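All values derive from a computational prediction rather than experimental measurement. In this chain, numbering begins with 1 at the start of the sequence shown.
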Amino acid sequence: MAAPLSPDRLIAILKAEGVKISEYSGWRTRERDDETGKTFGPVHMVLNHHTAGRNDLNVVARDGYSGLPAPLAQIWLGRTGVAWLCSAGRANHAGMMAKNAYDSFLNESATHPAPLKSSGTVDGNDVAYGIETENRGDGTDVYPRIQYDAWVRINAAFCREYDWSAESCGCHKETSIEGKPDPRGPVEGYGTRGRFDFTPAQFRKDVAERLRHAASWSPPTTTTPTPAPTPTVEQRLSALEKTVTAQGKRIVALESK
């Protein structure tokens, strides 16, 4: 049984993974358990989202939307790479998951099928930690490098704590029975990689790579220069001939003065 983390333990694992955090006022006791009569946990996965907006921390942590009360995630991740802790309990982020999709994350399958409502449903708010990442979600808004790095670290922190693989890290579009599209959009870069489009598969690869290292690890940020090719014998002889010829010309020029 994977019990939800205490607030202090959540802070500890995120800091150990190198995540910069900030605590939203009241986050330790803000939840939807009491209001819904449903208990958060046991938890079995992390579910990743984009916020579909900007500067929407208050919406996620405190205000919510009409018909969808806050908190809307356990963590709001800003463009600066700072993770704001919004709730230590149940949050309205996942909605109903297709059971076939949820089972693939629960069982840490190597592949994750398209969500089928006909397979049954699971209340994702009971079983998944939610991360809302600040991004308009229009397919053109770029996730800054520092934000994506923190995103990978947050997911890895949960996996490391619970001894999960990266296959426990899902995206809303992979579980939603409503056809949610998040997360999506271009990423500025990660490690030695330049700009690329966010995909769940690549994201899990980056989380898996991180889990192969200690929590204190940071990905390299520069590409190792490609060594110059070794010149052939003919090229070396040609260069030597040119050098000798040039030196001979200089000697002749000096003797003629």
Asker: If Ile, Leu, Val, Met, Phe, Trp and Tyr residues are connected whenever their side-chain heavy atoms lie under 4.5 Å apart, and connections chain through other members, are Val122 and Leu116 in the same group?
Answerer: no
Asker: Counting N and O atoms only, with roles assigned by atom type, does the side chain of Gln147 sit under 3.5 Å from a partner on the main chain of Glu134, one being a donor and the other an acceptor?
Answerer: yes
Asker: Please report the C-alpha distance between Arg193 and Gln202 in whole Å, then the side-chain angles of each, then the deciding distance to 0.1 Å, and finally whether the side chain to side chain contact (heavy atoms under 4.5 Å, CB included) criterion is met.
Answerer: CA-CA 12 Å; Arg193 195 184 321 141; Gln202 181 61 63; 3.3 Å; yes
Asker: Are the charged groups of Arg153 and Asp149 less than 4.0 angstrom apart, N to O?
Answerer: yes
Asker: Spell out, as yes or no, whether a donor-acceptor pair under 3.5 Å connects the side chain of Ser119 to the backbone of Asn100.
Answerer: yes
Asker: On a heavy-atom basis, which atom in Ala98 and which in Pro115 lie closest, and how many Å separate them?
Answerer: CB-CB, 3.5 Å
Asker: For the side chain of Arg210 and the backbone of Glu17, is there at least one donor-acceptor N/O pair under 3.5 Å apart?
Answerer: yes
Asker: Within the structure provided, determine whether Cys169 and Cys159 are in side-chain contact (heavy-atom separation under 4.5 Å).
Answerer: yes
Asker: Does the pair Arg195/Glu188 count as a salt bridge with the N-to-O cut at 4.0 Å?
Answerer: no
Asker: Is there a side-chain contact between Val46 and Ile154, using heavy atoms and a 4.5 Å cut-off?
Answerer: no
Asker: Which atom pair, heavy atoms only, marks the closest approach of Leu72 to Gly64?
Answerer: CD1-CA, 4.0 Å
Asker: Return yes if some donor-acceptor pair links the side-chain N/O of Ser87 with the main-chain N/O of Arg30 below 3.5 Å, else return no.
Answerer: yes
Asker: Are Glu174 and Lys180 close enough, and set up right, to give a salt bridge (Lys or Arg N to Asp or Glu O under 4.0 Å), and what steps lead you there?
Answerer: CA-CA 8 Å; Glu174 295 182 293; Lys180 297 290 187 180; over 6 Å; no
Asker: Does His49 use its side chain to pair, donor to acceptor, with the backbone of His172 at less than 3.5 Å?
Answerer: no
Asker: Where the side chain of Arg145 meets the backbone of Gly191, is there a donor-acceptor pair that is under 3.5 Å apart?
Answerer: yes
Asker: So, taking the atom named NZ in Lys205 and the one named OH in Tyr190, what distance separates them when rounded to the nearest 0.5 Å?
Answerer: 14.0 Å
Asker: Could you please spell out the steps behind the side chain to side chain contact (heavy atoms under 4.5 Å, CB included) verdict for Leu5 and Phe158?
Answerer: CA-CA 10 Å; Leu5 302 175; Phe158 283 114; 4.2 Å; yes
Asker: In the single-linkage hydrophobic clustering (I, L, V, M, F, W, Y; side-chain heavy atoms under 4.5 Å), do Val127 and Leu10 co-cluster?
Answerer: no
Asker: Could you measure the distance from the CD atom of Glu178 to the NZ atom of Lys117? Nearest 0.5 Å is fine.
Answerer: 8.5 Å
Asker: Hey, quick one: are Val207 and Val187 part of the same hydrophobic cluster, counting side-chain heavy atoms closer than 4.5 Å, chains of contacts allowed?
Answerer: yes
Asker: Under 4.5 Å between any side-chain heavy atoms of Arg32 and Asn92, yes or no?
Answerer: yes
Asker: Run the ring-centre check on Trp76 versus Tyr24 and record whether the distance is less than 6.0 Å.
Answerer: no
Asker: Looking at residues at least two apart in the chain, or sitting in another chain, which of them share a side-chain hydrogen bond (donor to acceptor under 3.5 Å, both in side chains) with Ser118?
Answerer: none
Asker: What's the shortest heavy-atom distance between Pro4 and Tyr129, and which atoms?
Answerer: CA-OH, 3.3 Å
Asker: May I ask you to say whether Asp138 pairs ionically with Arg184, meaning some side-chain N is under 4.0 Å from a carboxylate O?
Answerer: no
Asker: About how many Å separate CG of Asp56 and OG1 of Thr51, when rounded to the nearest 0.5 Å?
Answerer: 3.5 Å
Asker: For Asn135, what residues pass the side-chain contact (heavy atoms from CB on, under 4.5 Å) criterion, not counting sequence neighbours?
Answerer: His50, Asp141, Tyr143
Asker: Roughly how far, to the nearest 0.5 Å, is the CG atom of Asn48 from the SG atom of Cys171?
Answerer: 5.0 Å
Asker: Is there a path of hydrophobic side-chain contacts, each under 4.5 Å between heavy atoms of I/L/V/M/F/W/Y residues, joining Ile177 to Met45?
Answerer: no
Asker: Taking the side chain as everything from C-beta on, heavy atoms only, tell me whether Leu85 gets closer than 4.5 Å to Ile21.
Answerer: yes
Asker: Got a sec, which hydrophobics cluster with Val142, joining ILVMFWY side chains under 4.5 Å apart, including via others?
Answerer: none
Asker: What are the two closest non-hydrogen atoms of Leu77 and Ala150, and how far apart are they?
Answerer: CD1-CB, 3.9 Å
Asker: Can you tell me how far apart CH2 (Trp84) and OG (Ser25) are? Round to the nearest 0.5 Å.
Answerer: 10.0 Å
Asker: Are the side chains of His93 and Asn125 in contact, using a 4.5 Å heavy-atom criterion?
Answerer: yes
Asker: Are any non-hydrogen side-chain atoms of Cys86 and Leu57 less than 4.5 angstrom apart?
Answerer: yes
Asker: Does a sphere of radius 6.0 Å around NZ in Lys173 hold more than 12 heavy atoms from other residues, nucleotides or ligands, not counting ones at 6.0 Å or beyond?
Answerer: yes
Asker: Hydrophobic cluster membership, with links at side-chain heavy-atom distances under 4.5 Å among I/L/V/M/F/W/Y: are Trp164 and Met97 in one?
Answerer: no
Asker: May I ask you to decide whether Asp123 forms a salt bridge with Arg90, counting only side-chain N to carboxylate O separations under 4.0 Å?
Answerer: yes
Asker: Can you list every pair that meets side chain to side chain donor-acceptor pair (under 3.5 Å) and has a residue in residues 102-111, with sequence neighbours left out?
Answerer: Lys99-Asp103, Ser104-His112, Glu108-Ser165, Glu108-Ser168
Asker: Report the residues that fulfil side-chain contact (heavy atoms from CB on, under 4.5 Å) with Thr39, sequence neighbours left out, ordered by chain and then residue number.
Answerer: Asp33
Asker: Are side-chain heavy atoms of Gln74 and Val60 found at a separation under 4.5 Å?
Answerer: no
Asker: For Asp126 versus Phe40, what's the shortest heavy-atom pair and its separation?
Answerer: O-CD1, 3.6 Å
Asker: Could you state the interatomic distance from CH2 (Trp217) to CG (Leu211), rounded to the nearest 0.5 Å?
Answerer: 10.0 Å
Asker: Quick one: list whatever passes side-chain hydrogen bond (donor to acceptor under 3.5 Å, both in side chains) with Glu31, sequence neighbours left out.
Answerer: none
Asker: Could you go through the side chain to side chain contact (heavy atoms under 4.5 Å, CB included) check for Glu161 and Arg9 one step at a time?
Answerer: CA-CA 10 Å; Glu161 174 70 6; Arg9 185 58 187 165; 2.8 Å; yes
Asker: Is the cationic atom of Arg160 (NZ for Lys, CZ for Arg) positioned less than 6.0 Å from the six-membered ring centroid of Tyr162 and within 45 degrees of its normal?
Answerer: no
Asker: List the steps and the verdict of side chain to side chain contact (heavy atoms under 4.5 Å, CB included) for Val59 and Tyr65.
Answerer: CA-CA 7 Å; Val59 173; Tyr65 295 102; 3.4 Å; yes
Asker: Would you check if the distance from the ring center of Phe198 to the ring center of Trp151 is below 6.0 Å?
Answerer: yes
